[in-house]
There are 2 protein chains.
Amino acid sequence: MSNNMKFNTPTTTVLYSIEETVKAYRKLCQQNISKVVPNITVDQALILIVIDRNNMSQSEIADLVFKDYASMTRIVKLMIDKNYLSKALDDHDKRKTKLKITELGKAIIEKLNPMIELNRETALNALTDKELEQLHKILSKITQNCQIPKK
Amino acid sequence: MSNNMKFNTPTTTVLYSIEETVKAYRKLCQQNISKVVPNITVDQALILIVIDRNNMSQSEIADLVFKDYASMTRIVKLMIDKNYLSKALDDHDKRKTKLKITELGKAIIEKLNPMIELNRETALNALTDKELEQLHKILSKITQNCQIPKK
DNA sequence: AATTATTATTTGATATATCAAATAAATGCT
DNA sequence: AGCATTTATTTGATATATCAAATAATAATT
């Protein structure tokens, strides 16, 4: 009821402040990543690392990083062009795509790792474990609330 | 130190879960907004309302909603094409743009308002005032941590 | 007043988001 | 086996994000 006392106008709504944070974090990440690997985007960097750590099909990876399949197709294409990735069909299911990190890709991941760690530490500086837990819990609730039942 | 125990891989970092929430909320908003006003995007809807409530120049509005000026230019252009907005030069400073809501725009805002309220309520369902405060506080900290000093 | 610097906005180029429709391969059904 | 359905990915169209460079108007400086 009075829940929204301070969150009443569009400019003071949750989305507003959450989105502000996301944008600030992405900007920080992009700037720092560019210092160690020019010509790679935050999304590409994340996807590269996720592919490296998970042996999954393209759309499973997409789900993991919350990318639309169409977006994923295009991001992957760009990374193949830059020779970070290569693509092959899954032997057992030729609809599926298997993505492999190239040597160049692996070298880039090595460069990225410490910077990603730094970015996280920078963003979470002075946050307590408790706060992180709270944040996670609250965000989960909101995410849950926003789920649209698919019929 | 052990701060990151559970937040160690890229897929479990803050950005990850914050971005998940943002995307879920945006999706909900878009679906609901489309029900009352087809052919408008979440961003356009937000900007329309913010323009209506604030008598500011284009870039001030952009700052308010965290849009890049270039993006703002294009969003505004689309909304002018759809006759939601009109544009005029500021009399005292001809570099500045004054945006005005058209009659059609005003009618659309009327349709949007209740849905925006509903979206917020849906997203924040079952969240306590305390949680909202915590969320706001934690997000502010992170946003602050991510600020890049501009020289 | 003329020149330079700053500010507001735009444009170009490229990356990503999203929806709908198209493909192609695999599965399920009869 | 043959056909309909589902699944994984792609393509097209449009919107937005971001950076750099361009414009145009104002402000500051010499």
Side-chain angles (χ1 to χ4, degrees), chain A residues 19-20 22-31 33-35 38-48 56-82 84-85 87-99 148 150, chain B residues 15 19-20 22-31 33-34 38-48 56-82 84-85 87-99 148 150:
Chain A
E19 204 149 326
E20 180 183 19
V22 165
K23 290 193 178 178
Y25 184 52
R26 289 184 73 89
K27 190 162 242 169
L28 172 74
C29 288
Q30 185 62 68
Q31 299 227 352
I33 283 178
S34 294
K35 286 180 197 163
N39 267 330
I40 196 170
T41 67
V42 175
D43 295 291
Q44 291 173 10
L46 172 64
I47 289 173
L48 195 61
M56 297 175 163
S57 73
Q58 183 172 306
S59 46
E60 286 169 327
I61 298 283
D63 287 336
L64 251 189
V65 296
F66 309 119
K67 295 289 174 191
D68 189 84
Y69 301 145
S71 297
M72 189 69 183
T73 295
R74 280 144 185 158
I75 295 171
V76 163
K77 198 172 291 173
L78 288 173
M79 290 207 279
I80 291 174
D81 290 347
K82 292 199 271 190
Y84 298 164
L85 285 182
K87 195 171 194 168
L89 293 184
D90 184 304
D91 281 333
H92 301 299
D93 186 342
K94 289 178 186 167
R95 291 169 305 182
K96 290 186 183 174
T97 281
K98 277 202 313 200
L99 299 168
I148 299 159
K150 50 178 162 187
Chain B
L15 176 64
E19 204 149 327
E20 180 182 19
V22 165
K23 289 193 178 180
Y25 184 52
R26 289 184 73 88
K27 190 162 242 168
L28 172 74
C29 288
Q30 185 63 68
Q31 299 225 355
I33 283 178
S34 294
N39 267 331
I40 197 169
T41 67
V42 175
D43 295 291
Q44 290 173 12
L46 172 64
I47 289 173
L48 195 60
M56 297 175 164
S57 74
Q58 184 172 308
S59 45
E60 285 169 327
I61 299 283
D63 286 336
L64 251 188
V65 296
F66 309 120
K67 295 290 174 191
D68 190 86
Y69 302 145
S71 297
M72 189 68 183
T73 295
R74 279 143 186 158
I75 295 171
V76 163
K77 199 172 289 173
L78 288 173
M79 290 207 279
I80 291 174
D81 289 347
K82 291 199 271 191
Y84 299 164
L85 285 184
K87 195 171 194 165
L89 294 185
D90 184 304
D91 281 332
H92 300 300
D93 184 342
K94 288 176 187 167
R95 290 169 305 185
K96 291 186 182 173
T97 282
K98 279 203 311 203
L99 299 168
I148 299 161
K150 50 178 163 185

Between B/Arg26 and A/Glu19, does the salt bridge (Lys or Arg N to Asp or Glu O under 4.0 Å) criterion hold? Intermediate values first, please.
CA-CA 10 Å; B/Arg26 289 184 73 88; A/Glu19 204 149 326; 2.8 Å; yes
How long is the line joining [atom1] of [X] and [atom2] of [N], in whole Å?
| X | N | atom1 | atom2 | answer |
| --- | --- | --- | --- | --- |
| B/Met56 | C/dT7 | CE | C1' | 17 Å |
| B/Lys94 | C/dA8 | NZ | P | 17 Å |
| B/Lys98 | C/dA8 | NZ | P | 16 Å |

Under 4.0 Å, counting only non-hydrogen atoms across every strand here, what does B/Asp68 touch: a base, just sugar-phosphate, or nothing?
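The residue B/Asp68 makes base contact.
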What nucleic acid atoms does B/Gln30 come within less than 4.0 Å of, heavy atoms only: base, sugar-phosphate, or nothing?
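The residue B/Gln30 makes no contact with any strand.
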Which residues, if any, of residues 69-77 of chain A bring a heavy atom under 4.0 Å of DNA chain C?
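Output list: A/Ala70, A/Ser71, A/Arg74, A/Ile75.
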May I have the step-by-step check of side-chain contact (heavy atoms from CB on, under 4.5 Å) for B/Gln58 and B/Lys87, ending in yes or no?
CA-CA 10 Å; B/Gln58 184 172 308; B/Lys87 195 171 194 165; 3.6 Å; yes
Using atom names, set out every protein N or O paired with an N or O of nucleotides 3-5 of chain C below 3.5 Å, distance rounded to 0.1 Å.
none

Roughly how far apart are [X] [atom1] and [Y] [atom2], rounded to 0.5 Å?
| X | Y | atom1 | atom2 | answer |
| --- | --- | --- | --- | --- |
| B/Phe66 | A/Glu20 | CZ | CD | 3.5 Å |
| A/Ser59 | A/Met72 | OG | CE | 8.5 Å |
| B/Met56 | B/Leu64 | CE | CG | 4.5 Å |
| B/Leu48 | B/Ile40 | CG | CD1 | 5.5 Å |

Give me the first and last nucleotide of DNA chain D, going 5' to 3', that has any atom under 4.0 Å from a heavy atom of chain B.
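The contact span of chain B on DNA chain D goes from D/dA15 to D/dT26.
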Is there a side-chain contact (heavy atoms from CB on, under 4.5 Å) between B/Asp90 and B/Thr97 once you walk through the steps?
CA-CA 6 Å; B/Asp90 184 304; B/Thr97 282; over 6 Å; no
Looking only at heavy atoms, what is the nearest atom pair of A/Leu89 and A/Lys94, with distance?
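So the two residues come closest at CD2-O, 3.7 Å.
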Is there a donor-acceptor contact under 3.5 Å linking the side chains of A/Ser34 and A/Gln31?
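No, no side-chain donor-acceptor pair sits under 3.5 Å.
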What pairs of donor and acceptor atoms, side-chain ones from residues 74-82 of chain B against any protein atom, are under 3.5 angstrom apart with sequence neighbours left out?
residue, atom, partner, partner atom, Å
B/Lys82, NZ, B/Asn39, O, 2.5
B/Lys82, NZ, B/Gln44, OE1, 2.8

A/Thr41 or A/Asp91: which one's nearest nucleotide on DNA chain C is closer to the 5' end?
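The residue mapped nearer the 5' terminus is A/Thr41.
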Name the residue closer to the 5' end of DNA chain C, choosing between A/Lys67 and A/His92 according to the nucleotide with the nearest heavy atom.
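Nearer the 5' end of the strand: A/Lys67.
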When the C1' atoms of the five terminal pairs at each end define the local axes, what inter-axis angle does the helix from C/dA1-D/dT30 to C/dT30-D/dA1 show, to 10 degrees?
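If I round to tens, the end axes sit 10° apart.
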Is the backbone N or O of B/Lys27 less than 3.5 Å from a side-chain atom of B/Gln30, with the two atoms forming a donor-acceptor pair by type?
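No; judged by distance alone, with no hydrogens or angles, the pair does not exist.
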Derivation and outcome, salt bridge (Lys or Arg N to Asp or Glu O under 4.0 Å), residues A/Asp43 and A/Lys67
CA-CA 9 Å; A/Asp43 295 291; A/Lys67 295 289 174 191; 2.5 Å; yes
Going by ring pair (Phe, Tyr, Trp, His ring centres under 6.0 Å), name the residues that satisfy it together with A/Tyr69, two or more places apart in sequence or in a different chain.
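Expected list: none.
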